[in-house]
Amino acid sequence: MPNRLAAESSPYLLQHQHNPVDWYPWGDEAFAEARATGKPIFLSVGYAACHWCHVMERESFEDQATANVLNQYFISVKVDREERPDVDQIYMSAVQLLTRHGGWPMSVFMTPDGKPFHGGTYFPPEPRHGMPSFQQVLTAVHDAWTNRRDELESGAGRLTEAIQAADSLDLPSAPVSDDDLRRASQALAGSEDRTHGGWGQAPKFPQSMAIEFLLRRHLATGEGLLLDIADRALHRMARGGIYDHVGGGFHRYSVDAAWHVPHFEKMLYDNSQLARVYLHAWQIGGDSAHRRVVEETLDWVVREMTHSQGGFFSTLDADSEGEEGKFYVWSLDEVREVLDADADLVADTYDVSAGGNWEGVNVLRRLKDLDVLAYQHDVSTSEIQAATDRALPRLFERRAGRIRPGLDDKIITAWNGLMIAAFAEAARALDRDDYAAVATKAAEFCCTELWRDGGRLWRTWKDGRARFNAYLEDYACLADGLLELYQTTFDERWYTAAQALSDAMLEHFPDPEGGFYDTSNDHETLVTRPKNVQDNATPSGGSMAVTVLGRMHALTGEVRYLDVAERALAAVGPGAASYPTAFAQWFSAADFLVGQPAGIALAGDEADRQSLIGVVRETYRPRTVVAAAGSTAESGIPLLQDRHPLNGRAAAYVCHGFVCKLPTSDPDVVRQLLAEG
């Protein structure tokens, strides 16, 4: 018989509905039962694409003997971290305080009132590598709860106080200056992996926000080194196994420092951010390889990650047929069977060998430069490119017949906002009307299915069911996506919706002492109200809120947006410059505010203003916002107030702080005004 998780919407929770464990979803019923029985709570947190979550399920949660121990001595609660990032954040802080590391699956033991007293991550079914078995952990915790409960409860109280203090930054509060941005970019330059590109060692994650910040600082300062560092990371990732050369899109991270072998799950949030940063690098440098990555990644999202109603799905699993990466890897024999005459050249191009480059099989990756391959095979580089262009669709067709990884098809508001922004920006930069249509349909979905009364949002949607009070990141990321869509289509409903979300952020999330809470002021009461300011795999809710509020101020001139944004930025403070990978989105937001952003108002009929908007879009301009209206249209956007065509022709008004230069209808003059800053 299925357990209580059968009534849930999360694919991750539904994966566990037939476990013999008597699982509860997070909620009042579980806590009431814990209080009534006096049992401690075992909390297990993971997500659908998590490989080791699947492993622990097979080894422990599907095991009847282990389930018997859990059912007898504990109230077991299963949480999808993507649905409940607040619960995940609070108890991950506990695990990190207890063990000095974290990860998923996360395993936490709590009092019936939700205070944690013990925890860890994955536990094996048998003792190994110095780790106790999961049943040993359960037995020890039960014994301690039975015989030393007062001691555990006292420790839980102290640990909860430590969690509450953990969100406080031990950094001086002060306005962030251009000098702080310079120090942050220098810190990134100094810590780069110059051999392989990017930052850190194994496991190695794409640092989209850090690369984005370097691109912005390059544009602000003209420092070529910053562009070189960004380009090096982008090229090395795109050539490595972390990129899906056959189907497009990036895997979650590399298990080695050289980007060779990925952890094979694919996340919507990674690909939204990477698509944008590759797009911006292409706009700056014109490298066609960057553009190809953008289009292949977004085309993968359209093909495999988009609901028929327009929203975007969350993740693709790392596993298929119970094996990590099986869907993505190749043998040399299969490559030869599919490609015939092109096989040897393509195999060498993508490092495919008889012995394999990972566990006896091959992850496609490009280790050799084209000119080296051309010399070794006595062909031209154009012949190599033609061979790979022929080969990849054929490999894709063969791979399509394999059993696919599992899809987590829930739709998350924040991640959809990030992807709407990526499609909207790509639409205008690449002149792709189809991308604009994708972004518009997704925005319509979010503003219909995930929008509540009073400008409030839901967190997730699946199978017609919207659930969970949304978080700060949901409001901020969706508002950012809608602002990008407005600047692509100039359909004012997207600006209006973004402003409503911005106002909701100001009403429900600010901390009176500066910054923002992650949960709203009418959210479920937890053991602490989380306020995580660090940027992780996704931008923090606070840094995205500052990003949006800065742009809203540039469009409206309303000081209430700017005041809250500057106070939040000051609460993070210049000390964060020493930790740039943890605060990269904050520094991109600061670059916009510190850099005297330009507001560009375009007045005139759409056809007549195309030459002017073409100048604005001819390169990446991160310190600008753009608004446009027709000759006679009324607009609710303050930047467009009293902006009119000039002598019957479309006109551009280039403004700083709502002080505008003389309007012009000459594209060359617009270009000059933008260059002057």
Side-chain angles (χ1 to χ4, degrees), residues 4-17 23-31 43-50 77-92 104 106 114 267-269 307 309 311-315 408-419 442 445-479 481 500-501 504-505 507-509 516-532 537-541 544-545:
R4 293 173 185 83
L5 300 183
E8 293 300 301
S9 57
S10 159
Y12 174 65
L13 299 189
L14 291 171
Q15 288 170 4
H16 294 76
Q17 65 179 306
W23 290 115
Y24 288 77
W26 180 275
D28 292 340
E29 183 184 4
F31 286 95
L43 172 67
S44 177
V45 181
Y47 58 100
C50 168
V77 176
K78 177 62 77 171
V79 167
D80 182 339
R81 67 177 295 265
E82 296 167 355
E83 286 186 333
R84 294 301 303 260
D86 52 341
V87 172
D88 177 64
Q89 181 184 324
I90 290 169
Y91 295 103
M92 183 60 74
W104 300 275
M106 178 168 63
M267 321 299 284
L268 188 74
Y269 58 74
H307 191 280
Q309 291 180 239
F312 302 114
F313 302 135
S314 296
T315 64
D408 186 331
D409 59 350
K410 70 176 179 292
I411 291 169
I412 296 175
T413 302
W415 302 1
N416 271 249
L418 293 172
M419 190 56 79
F445 174 89
C446 290
C447 291
T448 301
E449 300 296 331
L450 290 158
W451 196 281
R452 300 158 60 188
D453 292 339
R456 306 301 298 279
L457 296 173
W458 298 107
R459 167 70 172 177
T460 68
W461 183 96
K462 185 179 183 298
D463 297 335
R465 185 183 178 192
R467 300 188 69 195
F468 304 108
N469 186 35
Y471 302 92
L472 176 64
E473 66 171 359
D474 296 304
Y475 286 83
C477 291
L478 182 56
L501 296 176
M505 286 194 293
E507 181 178 356
H508 296 289
F509 292 93
F516 301 88
Y517 290 106
D518 294 321
T519 56
S520 61
N521 53 10
D522 55 0
H523 194 73
E524 171 191 352
T525 300
L526 303 169
V527 294
T528 186
R529 189 178 179 189
K531 184 186 179 184
N532 181 29
T538 57
S540 66
M544 284 303 295

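- Remark: Ser10 OG to Arg84 CZ distance equals 12.5 Å, nearest 0.5 Å.
- Between the side chain of Asn416 and the main chain of Ile411, no donor-acceptor pair closer than 3.5 Å is present.
- The neighbour count for Asp28 CG, taken as heavy atoms of other residues, nucleotides or ligands under 6.0 Å away, does not exceed 12.
- With respect to the salt-bridge test (charged N to carboxylate O, under 4.0 angstrom), the residues Lys410 and Glu82 qualify.
- Using a distance-only test at 3.5 Å, with no hydrogens or angles considered, no donor-acceptor pair links the side chain of Arg4 to the main chain of Pro25.
- In terms of modelled atom types and a separation under 3.5 Å, the side chain of Thr413 and the main chain of Trp458 share a donor-acceptor contact.
- A donor and an acceptor atom, one from each side chain of Lys78 and Tyr12, are located under 3.5 Å apart.
- Of the possible donor and acceptor atoms, none in the side chain of Glu507 sits under 3.5 Å from a partner among the backbone N and O of Ala504.
- Donor-acceptor pairing under 3.5 Å is recorded for the side chains of Trp26 and Glu524.
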Residue pair Asp88, Val79: steps toward the side-chain contact (heavy atoms from CB on, under 4.5 Å) verdict: CA-CA 8 Å; Asp88 177 64; Val79 167; 5.8 Å; no
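- Here the side chain of Arg459 pairs no donor or acceptor atom with the backbone of Asn469 at under 3.5 angstrom.
- A donor-acceptor pair is defined here as one N or O able to donate and one able to accept, closer than 3.5 Å; no such pair exists between the side chain of Tyr269 and the backbone of Leu418.
- Between the side chains of Tyr471 and Asp86, at least one donor N or O lies within less than 3.5 Å of an accepting N or O.
- Remark: the backbone N or O of Pro11 is not paired with any side-chain donor or acceptor of Asp408 at under 3.5 angstrom.
- Side-chain N/O atoms of Arg81 and Tyr47 include no donor and acceptor closer than 3.5 Å.
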Worked check of side-chain contact (heavy atoms from CB on, under 4.5 Å) between Asp409 and Lys462: CA-CA 7 Å; Asp409 59 350; Lys462 185 179 183 298; 2.7 Å; yes
